[in-house]
Number of protein chains: 2
Amino acid sequence: MPISIKDVAAKAGVSPSTVSRVLANNPRISPETSERVRMVLKELNYHPNEIARSLVRQETRTLGLILPNAIDQFFLNPFFPEVLRGISQAARKLGYDLFLSTASQGLNDVERLDQMVQSKRVDGVILLTVKLDDPLLKRVQDNHVPAVLIGRSPDQAMVSSINNDNKKAGYDATMHLLKLGHQHIGFIGGSPELILTIDRLSGYAQALNDANVPFDPQLVTSEEFLEEGGYTGMMKLLALPTRPSAIIASDDVLAFGAMRAAGELGYHIPQDLAIVGFNDIPLAKIANPPLTTMNVHIFELGEGAATMLIDQIANGSITPTKTQIVPHNLIVRRSCGAWNPTNNLVSHLS
Amino acid sequence: MPISIKDVAAKAGVSPSTVSRVLANNPRISPETSERVRMVLKELNYHPNEIARSLVRQETRTLGLILPNAIDQFFLNPFFPEVLRGISQAARKLGYDLFLSTASQGLNDVERLDQMVQSKRVDGVILLTVKLDDPLLKRVQDNHVPAVLIGRSPDQAMVSSINNDNKKAGYDATMHLLKLGHQHIGFIGGSPELILTIDRLSGYAQALNDANVPFDPQLVTSEEFLEEGGYTGMMKLLALPTRPSAIIASDDVLAFGAMRAAGELGYHIPQDLAIVGFNDIPLAKIANPPLTTMNVHIFELGEGAATMLIDQIANGSITPTKTQIVPHNLIVRRSCGAWNPTNNLVSHLS
DNA sequence: ACATCGCAGGCAAACGATTGCATAATGATG
DNA sequence: CATCATTATGCAATCGTTTGCCTGCGATGT
């Protein structure tokens, strides 16, 4: 039923090889034959079977996405669609498709990677978030799979990556609050295993240190990357004997949970409590009050990751691993108390 | 370099066919041979080449997603990750992977469909939103491609679909406001070409009619499916000589834009203006004020679509087209002014 | 003891493309 | 007129699987 290259060949009175060569614009085919074949191609609305093509070419022109196994949390964070949008746009431009591995329920990340790559369904993979000494990275390196990590690799030589300078970003966000006079600054982070959390927290600590403000572990809390996590984190911090006067949330979604908790306890933002988030999700701008947040340019992370990966695929494994840093900048809105309509709304930090 | 079934066969001292049969748990293989082969399988960490497998089996165990060509808008709406989450979960459970067609920039939807399906990279497709007399539907029908539409098909016989009863949902939302005493109810919708918009609007009109409230075209506006669209829509409605006292926004994102516009003009919600949205995106609950919204169970739409599609694939094209309706229910929060902590928060309507 | 049977496993032909090599036709050359 | 390039096309192997059919073997029945 489906039409193959043979059908086209038969109808055009040539051999399959000729059709194939027409498709490839091989100059060895005479213009007349080529023309005739092309007519048949249109007439039959023929599209080559990409599966067969992939088999012989040993490439699929498809990028694989390895999502964290906490898939649901990941999907719920606006980070995901935005990074996917970036990936998708770059892939489209460069003629690649996207493959999401969701199948094979019981498998862990490494097995999913093996399956995706060994089964040859993708030419390379984009890894989203890794934990400290994640076995995924070693596997990628050992297998010489073209791969790009969105996030920071513990060992830069292992895998190419694209990331923000999260330590600096954490530093900048904290410094902003310190400069506004806050001395008790709480930190609501995601899972302490995530390098992202670690980096932003270390920037926070560094800023406190540089400002001669003591680091108080009680002011640091780690929660799930959900609105609910921000809520419980904030509840903990506000229950402290001396509550913080400002909060850094390492993700806007956490920040919104935190704002909700503060609201429920009757605190006003920014009068009673300043809040700074990370990511500049669409909601940040339209929230009430609008959220001051560190824009980390998620779209560009995705776009860059796909571009780097395709580049790596094209150049074979000869490419040395690369690390690319996407700049961040703090978007000052009302939630931190520093907002002033006559200011520039955007302060460029990096 | 990559290991094939032949490598395994050689190492185990059997033929490739035997290995293949071991993989398939074919009972014709003796337990001893099977065991020996399995050992080699583990040792070599062999994974079958799914491309080759797909070629001979004529199936890929992969579902294709056809996203609207206004991809960027689509990605930005929280509808997308949620429906994808549903699709992904069902696919995973049933052993299917997901393929996003983003490649081939210049192509329109129909060409993308042709390419995806004819190229045999997917076993079926999920279509997301269609316009009135979208050529996609006809193509799907003509080609006998397994397909499920998320949304309503103009002609139910053409393609299986899963949807809400959007007319009823529009009716219920409007009726809720009418019962609260509103007579001037504005409607902010998405593109007037989308069936979704049409259905919700017609429910709105029907409710007005049933309540003997005249339908005023001036109170209806169509905008882009973005926060910005809601903003401009609201600005238009509030510039009217007699402004509406309540607003139905056919999407929460539009509702948030509308709330922002109202806020900027100094109106208070719900005191001056009641607002009802659609979708119950995560933000609706935590917004200020929390948004009354029609929960359309997006996750279930995705989940149901994937399940229906896989079912259709399994049963060949003998399956008649089906239509499934996912119920909706209004979640009453503060933005409509009817909220009362002693009430049930959820009123089940359908 | 011989024909028969069932079992375990191998052979080879697909699936639908690509591509190195061979070859038919054509015209040019000595 | 025989030889040789050159051009345009076809042949057949290949990619890594699956699967229908065949075969060799030991066990069984009479």
Side-chain angles (χ1 to χ4, degrees), chain A residues 1-38 40-41 44-62 97 114-123, chain B residues 1-41 44-62 114-123:
Chain A
M1 176 99 288
I3 58 193
S4 80
I5 202 171
K6 288 186 195 161
D7 302 316
V8 177
K11 184 140 191 173
V14 296
S15 77
S17 357
T18 301
V19 177
S20 173
R21 284 190 252 258
V22 169
L23 255 17
N25 285 316
N26 187 312
R28 315 201 50 136
I29 302 297
S30 72
E32 309 83 57
T33 311
S34 178
E35 192 47 38
R36 184 155 37 93
V37 170
R38 269 180 228 285
V40 179
L41 250 26
L44 266 42
N45 189 29
Y46 168 82
H47 291 262
N49 181 322
E50 293 293 340
I51 295 290
R53 206 176 242 199
S54 297
L55 186 59
V56 44
R57 288 202 182 147
Q58 302 283 69
E59 64 160 33
T60 58
R61 299 227 117 217
T62 299
D97 282 309
D114 279 0
Q115 218 180 46
M116 212 147 106
V117 172
Q118 278 226 34
S119 69
K120 292 287 161 197
R121 280 163 82 130
V122 302
D123 294 342
Chain B
M1 177 96 289
I3 58 192
S4 81
I5 203 173
K6 287 186 194 164
D7 303 315
V8 176
K11 184 140 192 172
V14 296
S15 78
S17 357
T18 301
V19 177
S20 173
R21 285 191 249 256
V22 170
L23 255 17
N25 286 315
N26 186 311
R28 319 199 56 192
I29 303 298
S30 72
E32 307 84 55
T33 311
S34 177
E35 191 47 39
R36 186 155 36 94
V37 170
R38 271 180 227 284
M39 305 250 327
V40 180
L41 250 24
L44 265 42
N45 188 31
Y46 169 81
H47 291 261
N49 181 322
E50 293 292 340
I51 294 290
R53 206 175 242 198
S54 297
L55 186 58
V56 43
R57 288 198 181 152
Q58 300 285 68
E59 64 160 32
T60 57
R61 300 225 117 216
T62 299
D114 279 0
Q115 218 180 45
M116 210 147 107
V117 172
Q118 278 228 32
S119 70
K120 292 287 159 196
R121 281 164 81 130
V122 302
D123 294 342

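All chains are named by letter (A, B, ...) in the order of the sequence lines, taking the proteins before the strands, and each is independently numbered beginning at 1.
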- Item | Side chain of Val56(B) (C-beta onward), nearest among dT18(C), dG10(C), dC15(C) | dC15(C)

- Just do the side-chain contact (heavy atoms from CB on, under 4.5 Å) check on Val19(A) and Leu41(A) with the steps written out, would you? CA-CA 9 Å; Val19(A) 177; Leu41(A) 250 26; 4.3 Å; yes

- Note on the structure: Between CG of Leu41(B) and C1' of dT17(D) the distance, given in whole Å, is 14 Å

- May I ask you to decide if Pro16(A)'s main-chain N or O and Ser20(A)'s side chain share a donor-acceptor pair within less than 3.5 Å? no

- Task: Please tell me if the side chains of Ile3(B) and Gln118(A) come closer than 4.5 Å, counting only heavy atoms from C-beta onward.
- Result: yes

- Just to confirm, is there a sub-4.0 Å distance from OP1 or OP2 of dA17(C) to any side-chain nitrogen or oxygen of Tyr46(A)? yes

- Message: side-chain contact (heavy atoms from CB on, under 4.5 Å), that's the test. Do Val22(B) and Thr33(B) meet it? Break it down for me.
- Response: CA-CA 9 Å; Val22(B) 170; Thr33(B) 311; 5.5 Å; no

- Message: What is the distance, to the nearest angstrom, from the CD atom on Glu35(A) to the P atom on dA8(D)?
- Response: 16 Å

- Message: I need the CG-P distance between Leu55(B) and dT14(D), as an integer number of Å.
- Response: 17 Å

- Between dT14(D) atom C1' and Ile5(B) atom CD1, what is the distance in whole Å? 17 Å

- Task: Between Ser34(B) and Arg53(A), just flag the one whose closest nucleotide in DNA chain C comes earlier from the 5' side.
- Result: Ser34(B)

- Message: Within the 4.0 Å heavy-atom criterion, would you say Thr33(A) contacts the bases, only the backbone, or no part of the nucleic acid?
- Response: sugar-phosphate

- For Thr18(A), answer base if it contacts any base atom (sugar-phosphate contacts may also be present), sugar-phosphate if it contacts only those atoms, and nothing otherwise; contact means non-hydrogen atoms under 4.0 Å. sugar-phosphate

- Message: Any N or O donor-acceptor pair under 3.5 Å from the base of dC11(C) to the side chain of Ser15(B)?
- Response: no

- Query: Looking only at side-chain N and O atoms, does Gln58(A) come under 4.0 Å of OP1 or OP2 in dG16(D)?
  - Reply: yes

- Task: Indicate yes or no for a side-chain donor-acceptor contact from Asp97(A) to the backbone of Thr62(A) under 3.5 Å, with no hydrogens or angles considered.
- Result: no

- Query: Quick one: is Ser30(A) getting a side-chain N or O under 4.0 Å of the dT9(D) phosphate, OP1 or OP2?
  - Reply: yes

- Query: So, is Ser4(A) close to the dA17(C) phosphate, meaning a side-chain N or O under 4.0 Å from OP1 or OP2?
  - Reply: yes

- Query: Taking DNA chain D as the partner, which of residues 21-29 of chain B come within under 4.0 angstrom of it by heavy atom?
  - Reply: Arg21(B), Arg28(B)

- Message: Nearest to the Asn49(A) side chain among dA17(C), dA12(D), dC15(C), which nucleotide is it?
- Response: dA17(C)

- Upstream residue (5' side of DNA chain C) when Glu32(B) and Ala52(A) are each assigned their closest nucleotide: Glu32(B)

- Please give, in whole Å, the distance from dA17(C) P to Arg57(A) CZ? 11 Å

